[in-house]
Structures are given as C-alpha cells and as structure tokens.
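Step one of this worksheet: look at the structure below.
All ligand and atom numbering here is 1-based and tracks the order in the structure.
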Amino acid sequence: MVKYELPFNFDLNLLNFIDDNIDKDWIEFLFLSPFKDDSSNARSHVEGVAKSNWTYTVPNSRDDYTNFIKEIQKHGIKPAILFQEDTPIASNILDYYLKLGIDSFIVNSDELAKNIKKIDSKLKVVASITKILSAKDLWENDYSMYDKIVLHFPFNRALCKLKELPSFYKYTLIANSYCVYNCKSAKDHWSSTKETSSKVPCLKNINKDDLIYIPPEYIYMFEPYVDSFKIQGREYPTNILSEEIYCYYKKIHNPLAGAIYNRLSPFNGCEYFNKGKDLEFVNYNNPHSGLPHPA
Ligand SMILES: [Zn+2]
C-alpha cells in the first residue's frame, strides 16, 4: 500500500477528523513546521493570513507547541518536522524534537540529514521538495543520507520518466498542488513572505493546462513509482484539508479540482501526465542505459 504524508495545520479538529474517518495505517506521518523560534520554513508567508474565514496560526510558546506534538502522538500518528533551511539547525534544537520521541524529519540540508543519521540510523530523513532535485542531480550526486526524496513539480507531468530515475532511492510526489509543472517561481513561493507572496510570478491562474494536481481517481497511475504521496495544505482550513484528505483516502472525485477534470479523462491520461516529459529537468542521458542488458 502506498502511504500518505499529511499536513498538520495546528487545529486539533483535524486529528478528530482523522480518528473518525481515516485508517491510521494509511498515514505515513503528519508533517508540521518546527517551533517558530527554531527555524523558518517554506510556508511562513501564510501564517496569520486570513483565508476563507480561517487564519493559519502557529503556536506562540514552546509549551503550546509541545502540547500539539503530544496530541498528535496520543492519536496514534507520527509527527514529522520540516527543517527547510539551507544550513543545519543546532544540535540542542534537534535534541528538543528527539526528546519528544519524534523520529521523522523532512530536511533541506544534506549536512543536517547526515547529522541526524549519525545520531541514530533508524531516524527517518526525507529530502524536502525545496531541494529541487532534477534527474541529473539524482543520478550524479549522492543522496544516500536520505530515506526518501520528494520529487519536484515537473515529475507530476512526466509520468514515463519516473521509471528512469535511480531505483536505489525511494520517492514521494505531492499529489494536490495547484501550481504548474514548469513553474519558474517555485523557490519564490516557498521563500515568500506575507507581503511578497501575492507578487510571485506564477502562471497557475493562466496556464490551467499545466497544473500538477493529480486527482484521486488517477493516482493509481503513479503508485508503481513512489513510496508515498504527500498532501499539501498546512495553511488550509480544516474543512477543506479534511476534504482533500478524504478524497485521496477513498480515491473519489474531488469537486475542488474542477479545472483539472475539465482537461483530463480516462482516454487522455497518459498524454496528459506526460506533457512535461521533454523538459531537461526530468531527463538524464544515463551512460549505462545504452549498454546491452546482461542475459
Ligand atoms: Zn507556481
């Protein structure tokens, strides 16, 4: 079974929803930002911004933050912490999370990944999407310090290229992002602030043909190539986030994704999900691929 990495929006109602509706075995972990004083993260620009009668807020005190972690664990779910800065965090900060019994981290810094593995090789370390790893990166660099790698947007529309990636790594795809596969501003999305996020030059509102959202009914096409899927939406209100989660859990139609269903059908799925297959980012001329296969 392919598991799902779910976002946590610091609303305990989300945990109750999961209790009532979702099989815990289906959940890989619940990922959340670190305590605000410990590290910045890729979604700090959405903190405190009102959206559909909801404001994503993060705990103000370390005690509050600790209580959220304990609640998640009480519900029988693993928390995973996002460390998306380029540089490793201090070891005393990491210690705080380890002492809480957290064993999964999503990180941007290879050095931090190695440090965590040095502490205990059983700790799980995932390479964050913020690393923006291309096919060439994956073939030519060493990412063996990671248990898993989150693939960047172009791969959501380069289905046939997934099987050409190194098979010695495990991968995750973000299933429900509404960005475009060739977004030139991905980095700016993640690093933007409350003030600049609306000015990021993203074409998602114009190029509806290029969106990377994979509707629940089509997710099976990607299942053979990934170890898990990731659902985004730490900043979503609980009613919307729980609907997203439920649709993937049940693999049912998500009414929120209308623009995608207008362009995708069981008859053009292959073509649709391969629109980006010629992008340089997803291609690598593997020097070994030309060799004859051993009999
Ligand atoms: Zn974008």
Show which side-chain atoms of residues 92-99 pair as donor or acceptor with protein atoms under 3.5 Å away, not counting sequence neighbours.
unit_1, atom_1, unit_2, atom_2, d
Y96, OH, T66, OG1, 2.8
Y97, OH, F35, N, 2.8
Y97, OH, D38, OD2, 2.5

Euclidean distance, L256 CG relative to E243 CD, rounded to 0.5 Å: 4.5 Å

Ring centers of F10, F8 separated by less than 6.0 Å: yes

Sequence neighbours excluded - salt bridge (Lys or Arg N to Asp or Glu O under 4.0 Å) pairs with any residue from residues 214-227: K148-D227, E223-K251

N/O donor-acceptor pairs under 3.5 Å from side chains in residues 201-211, not counting sequence neighbours:
unit_1, atom_1, unit_2, atom_2, d
D209, OD1, R263, NE, 2.6
D210, OD1, K275, NZ, 2.6

Is any protein N, O or S atom closer than 2.8 Å to the Zn ion (ligand 1), and if so, which? C179 SG, C183 SG, H189 NE2, C202 SG

Specify whether Y171 and Y169 have parallel, tilted or perpendicular ring planes, treating 30° as the upper limit for parallel and 60° as the lower limit for perpendicular. perpendicular

